There are 2 protein chains.
Amino acid sequence: MNRSPDTARELRRAYLFADMSEPHLQSLVNGMLDIHLDPGKALFRQGQAAERFYFLREGLVKLFRLSPEGDEKIIEIMRPGETFAEAVMFMGTQGRYPVNAEAINSSRLYAFEQKVFLDLLRESSDATFGLLGSMSRRLHMLVNQIESLTLQNATYRLVAYLLEEIPRDVKTAPDVQLTTPKGVIASRLAIQPETLSRILAKLRQGGLIEVQGNHIMVRDVQALRNLVHLPPQEQAP
Amino acid sequence: MNRSPDTARELRRAYLFADMSEPHLQSLVNGMLDIHLDPGKALFRQGQAAERFYFLREGLVKLFRLSPEGDEKIIEIMRPGETFAEAVMFMGTQGRYPVNAEAINSSRLYAFEQKVFLDLLRESSDATFGLLGSMSRRLHMLVNQIESLTLQNATYRLVAYLLEEIPRDVKTAPDVQLTTPKGVIASRLAIQPETLSRILAKLRQGGLIEVQGNHIMVRDVQALRNLVHLPPQEQAP
DNA sequence: CGAAGGCATTGACCTTGGTCAACCGGGCTT
DNA sequence: AAGCCCGGTTGACCAAGGTCAATGCCTTCG
C-alpha cells in the first residue's frame, strides 16, 4: 500500500516521532493501520491487553476512568498530532490499558503494533529518546494535574485551563474557542457541569470574560492571570 | 574507592537496575555518590536543574508540591530500594525537578549523574527498558492517584491506602505499621490531619480497626475491602 | 522532675462545590 | 411546523470535608 509521501511529515508533529530517522519512521509507516472513529465510539477499554498505540490525525479523543457508580473523570483530551498509549507496554504485567479511550468528535487515527515499535526501540536510540520525552512530558502533566486538584479550587483550575487555551502567538483579541462541549471540560477539570456554568457566570459578572456558546472572549487577561498567581504577562523575548 | 561487593545487588532491588548487565551497573556504581540526609532536610527543590537522580538505601523521602499559600501535597513517598527523579532529564527544557524532595526520616541515598546515565542508555537496551518500566509504573500510579482524588472520597482513599500497607505474604493478623506520622499520610492522601483522625475514629467505632499510635490492627479486612469495592479476598494461586 | 514542643484528637462551625429539579434554547427529525 | 432531545443554565438545598480553637498525650530536654 502506498502512503502519501508526507505521511512521515505528519507523524513528526508528535514528539515521539519528531527526531526519528527517516528509515525507522518508514518502517513504522509500513505496518500502521488507518482507523476511523465516530463520535462517542470506544477505541479501547481500561483493562484490555494493549496491543497497539495511536497517533491522532483529526478529531478529539478522551482518555478517562470510570468510577463503579459510572462517574467519569477525563485524564487527558488528546488532540491531533499527539500520540497516546505508547507507554503502556513496559509494565511487567504484559501491558493493559490503564484508561478508557473514546472519540469525542469524529476522528481519524493511525494505529501501531506495540511489538513492532518494541523492536525498533532496541536498535534506534532516536526512537527511544523520543519515547522517553513523551513519557516524561506526560508524567509532568499528571503531577501538575494532581497539584491543581489538591491544592487549588475549581475556579483556579478553570481559569488556568482557559489561559492555556488562549492561542500563544496571536496579537489580536485573546479569545478562546472551546474545542469540546463544556461538559467534557468539566470532567477534565473534575468539576460538575453546573459548577462550571456558575464559575463562568461569576467571571462574566466580574467583567473578566464574555461567553457566547463555545466562544469565550477574554476581556481582562491580567485579572485572570492574577487569579492563578501568574506574574504580569511576560513578553516573548 | 572500593564498594562493598554487593552494592550491585543492593541496587538491583530497584526496577530501574534489576535487569541491567553487571558491567553497565558497575560503571554507574563507580560514579555514584553517597548521601546522608537528616530528617526534614531538603534533597532538592522544585525548579532546580536536575543534575542527579537517586536511589534510596534507607529512610524515607517525600516528593511534594507546595501551593503559594504554603500548603503541601505529597505526590509520592519513596521507600528504600526505589529510585526517583530518573525521568526528569528527558523534557526538552533541560530538565528541572518537577517536585520538592525532602527526608522524612534520617536517610541514606546514592546519587547518580544524569549524563553518565544518559550515555549508558545509548548503548544498553537493558538499561533503557529498565527506565521505561520505572516510568511506566510511575505513570500508572499517578493515574490511579488522580482517579481516587476525583472519583472517590476521603474514606475510600484512606482505606485503600491501609489495604495496600498490609504485608502481602503474612498469614498472621493483618496489621499495619504506619511508616510515617499520620500527618504525612494525610498529605499524601490530600486530606487534612483532622479529617484523617475522624475517619480512623469512625472505622474504629465500626469495629473495623483498632488504633494504637502508629500501629493499626485490622479487625475486619473484608469490611475494608468492601468499602473500596474489592471482591472477597482472592487467594494466592 | 517539670516544662516545652510536636503530633494527634475532638468539638463547633463554616465553605465549597455537589445534588436535584426546573427551565431554556437551538438544532434535528418526522 | 411541531416536537424533542441535548447541552447548558439557574435556583434551592445539602453534605463532605476544611478551618479554627481547645485539649490531650508523649517524648525530649533542661
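Basis for what follows: all heavy atoms, side chains included, without hydrogens, waters or symmetry-related copies. No experiment lies behind these values; they were computed from the predicted model shown. Numbers restart at 1 for each chain; the letters A, B, ... are given by sequence-line order, proteins then strands.
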Looking at A:R45 and A:E102, is there a salt bridge between them, counting it only when a charged N and a carboxylate O are closer than 4.0 Å?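 Here A:E102 pairs with A:R45 in a salt bridge, since their nearest N and O are under 4.0 Å apart.
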
Tell me the interatomic distance from [X], atom [atom1], to [N], atom [atom2], rounded to whole angstroms.
{"X": "A:I104", "N": "D:dG7", "atom1": "CD1", "atom2": "P", "answer": "12 Å"}
{"X": "A:E69", "N": "C:dT19", "atom1": "CD", "atom2": "P", "answer": "10 Å"}
{"X": "B:I185", "N": "C:dT9", "atom1": "CD1", "atom2": "P", "answer": "11 Å"}
{"X": "A:L189", "N": "C:dG17", "atom1": "CG", "atom2": "C1'", "answer": "14 Å"}
{"X": "A:K182", "N": "C:dC24", "atom1": "NZ", "atom2": "P", "answer": "18 Å"}
{"X": "A:Q205", "N": "D:dT9", "atom1": "CD", "atom2": "P", "answer": "12 Å"}
{"X": "B:L196", "N": "C:dA8", "atom1": "CG", "atom2": "P", "answer": "9 Å"}
{"X": "A:L149", "N": "D:dG17", "atom1": "CG", "atom2": "C1'", "answer": "16 Å"}

Among the nucleotides [options], which one has an atom lying closest to any side-chain atom of [X]?
{"X": "A:I191", "options": "C:dG18, D:dG18, D:dT19", "answer": "C:dG18"}
{"X": "A:E194", "options": "D:dC20, C:dG17, C:dA21", "answer": "C:dA21"}
{"X": "B:A154", "options": "D:dG17, C:dG18, D:dT10", "answer": "D:dG17"}
{"X": "A:Q192", "options": "C:dG18, C:dA8, D:dT10", "answer": "C:dG18"}

Which atom pair, heavy atoms only, marks the closest approach of B:G213 to B:V211?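 For B:G213 and B:V211, the tightest heavy-atom pair comes out as O-CG1, 3.6 Å.
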
Pick from B:R65, B:R188, B:K62: which one makes a salt bridge (charged side-chain N to carboxylate O under 4.0 Å, His left out) with B:E72?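 It is B:K62, the one option of B:R65, B:R188, B:K62 that forms the salt bridge (charged side-chain N to carboxylate O under 4.0 Å, His left out) with B:E72.
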
What nucleic acid atoms does B:P181 come within less than 4.0 Å of, heavy atoms only: base, sugar-phosphate, or nothing?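 Sugar-phosphate, backbone atoms only, no base.
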
Geometric class of the A:F44/A:Y97 ring pair [parallel <30°, tilted 30-60°, perpendicular >60°]: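 Rings of A:Y97 and A:F44: parallel, under 30°.
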
Polar pair under 3.5 Å, donor/acceptor by atom type, side chain A:R198, base D:dG11: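 By the distance-only test, yes, there is a pair.
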
Aromatic ring proximity A:Y110/A:F17, centre distance under 6.0 Å: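 Ring centroids of A:Y110 and A:F17 are no less than 6.0 Å from each other.
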
D:dG8 OP1/OP2 closer than 4.0 Å to side-chain N/O of A:S197: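 For A:S197, the contact criterion (side-chain N or O under 4.0 Å from OP1 or OP2 of D:dG8) is not met.
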
